[in-house]
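Remarks on the structure that follows.
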Amino acid sequence: MSRVAYVNGRYELYGEAGVHIDDRGYQFADAVYEVIAVIGGRLLDEEPHLDRLERSLRELAIAMPMTREALKVVLRETIRQNRVRGGIVYIQISRGVAPRDHGFPKDTAPSLVVTARRIKGASAAAVNDGVGVITVPDIRWSRADIKSTSLLPNVLAKQTARDAKAFEAWQVDENGFVTEGSSTNAWIVTKDGELVTHPADRSILNGITRLGVLAAAKRQGLKIVERPFTVEDAKNAKEAFLSSTTSHVLAVVSIDGKAVGNGHPGETTMKLRQAYLANFGLAGGEFR
Ligand code: PDD
């Protein structure tokens, strides 16, 4: 099957699709993006993802290239043409193509690229046994709440994790607080049973999965505290986990090589994973 990408109004062969070399996304990372999970052919939390996309665009004064309804048609058509039942759809919108100059170009249409592909998602071992994280300094800019494609610090953090055979790198700010992972949000459950995650200020991306987990936690009557926690807090926690569109909820069983709790996925974590997925009518989080 040949894959297809949507690029500025056309469905093109994936292998040949491209944007101009003067695209500002390519030159300045002057672009935003979204990743939406597709399970059973259905887009999970499509509206909140599109809300966040529109917010990111607003914050950077980039225009929405088409109406939300039209974009939804493009997402479905891209998913259909790529025959994705379980996978992800990727949306990227840049400020457009213009001769390289830092200031915003005038009268330039934004570029829109949509791709879709099958993914397997987290392995059964990652779901059942949990994953390890390492910690790295958070060297990002102070607007991590905008889902921009300027991901170099995140890329470096993830590679540091891979080199250390860890699943993720938790980024730590200058005050010693864990902000979030390179592509996931970070959580702990304290020994008092409090569910703790960094508040959704400008230093983290307000994950759509994060919002789903918070809603699930509320339904379960958990005590939720949105406050920063330190690496020490995390190492001494009863449980830890991470959340994202492609991982859903994964238990974190070690931090910098030190076991969290008994070194196995915690009960609260696994219940939250279940409750988060159950809200979509899903028993397991497999991408199929
Ligand atoms: N990453 N924090 C960061 C820095 C992220 O890049 C992401 C998502 C998240 C989790 O957000 P959500 O629950 O909305 O996926 C948190 C996506 C999946 C990516 O870059 O591929």
Side-chain angles (χ1 to χ4, degrees), residues 25 29 31-39 43-56 59 75 84 86-93 113-122 126 131 133 135-162 167-173 177-187 197-217 226 228 240-250 252 272-273 275-277 279-280 282 285 287:
V32 303
Y33 74 105
E34 280 295 329
V35 179
I36 309 178
V38 180
I39 296 187
L43 289 111
L44 262 51
D45 267 343
E46 180 181 24
E47 299 297 340
H49 277 281
L50 296 180
D51 289 343
R52 187 174 64 186
L53 176 68
E54 290 182 355
R55 175 183 183 276
S56 296
E59 292 297 312
L75 299 184
V84 174
I88 50 171
V89 61
Y90 177 82
I91 309 165
Q92 180 171 320
I93 301 172
V113 170
V114 177
T115 57
R117 69 183 170 97
R118 298 172 187 172
I119 67 160
K120 285 193 167 42
V131 298
V133 303
T135 57
V136 298
D138 192 336
I139 59 169
R140 298 176 299 164
W141 72 325
S142 46
R143 290 305 305 273
D145 58 311
I146 300 172
K147 199 162 173 63
S148 103
T149 59
S150 312
L151 290 172
L152 199 44
N154 309 59
V155 165
L156 296 176
K158 186 76 92 190
Q159 190 55 39
T160 303
R162 297 252 162 99
F167 183 87
E168 177 62 300
W170 276 6
Q171 301 170 101
V172 181
D173 70 16
F177 293 114
V178 174
T179 51
E180 62 181 332
S182 69
S183 64
T184 57
N185 287 114
W187 306 72
T197 194
H198 198 288
D201 56 20
R202 291 185 166 192
S203 58
I204 69 159
L205 183 77
N206 192 1
I208 303 305
T209 319
R210 176 185 182 278
L211 295 171
V213 170
L214 284 174
E226 290 182 68
F241 65 92
L242 54 81
S243 66
S244 80
T245 293
T246 50
S247 300
H248 308 310
V249 172
L250 282 184
V252 168
L272 276 173
R273 178 182 165 88
Y276 166 76
L277 291 168
N279 199 39
F280 301 106
L282 300 170
F287 284 77

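When a ligand or atom number is given, it counts from 1 through the structure's own listing order. Positions are given from 1, in the same order as the sequence printed here.
The neighbour count for Arg143 CZ, taken as heavy atoms of other residues, nucleotides or ligands under 6.0 Å away, is above 12. Crowding of Arg55 atom CZ: a count of heavy atoms from other residues, nucleotides or ligands under 6.0 Å exceeding 12.
Classification of the His248-Tyr276 ring pair by plane angle, with boundaries at 30° and 60°, yields tilted.
With salt bridges taken as basic N to acidic carboxylate O contacts below 4.0 Å, none links Glu34 and Lys147.
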(message) For Glu59 and Val32: C-alpha separation, side-chain torsions, deciding distance, then whether side chain to side chain contact (heavy atoms under 4.5 Å, CB included) applies.
(response) CA-CA 10 Å; Glu59 292 297 312; Val32 303; over 6 Å; no
Write 'none' if nothing qualifies; otherwise put on separate lines each N/O atom of ligand 1 with a protein N/O atom under 3.5 Å away and their distance to 0.1 Å.
from, atom 1, to, atom 2, distance (Å)
ligand 1, 1 (N), Lys147, NZ, 3.4
ligand 1, 1 (N), Ser183, O, 3.3
ligand 1, 2 (N), Glu180, OE1, 2.6
ligand 1, 13 (O), Ile208, N, 3.4
ligand 1, 13 (O), Thr209, N, 3.0
ligand 1, 13 (O), Thr209, OG1, 2.6
ligand 1, 14 (O), Arg52, NH1, 2.9
ligand 1, 14 (O), Arg52, NH2, 3.0
ligand 1, 14 (O), Ile208, N, 2.8
ligand 1, 15 (O), Thr245, N, 3.0
ligand 1, 15 (O), Thr245, OG1, 2.6
ligand 1, 20 (O), Tyr33, OH, 2.8

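Looking at heavy atoms from C-beta onward, Val131 lies in side-chain contact with Leu242 at the 4.5 angstrom threshold.
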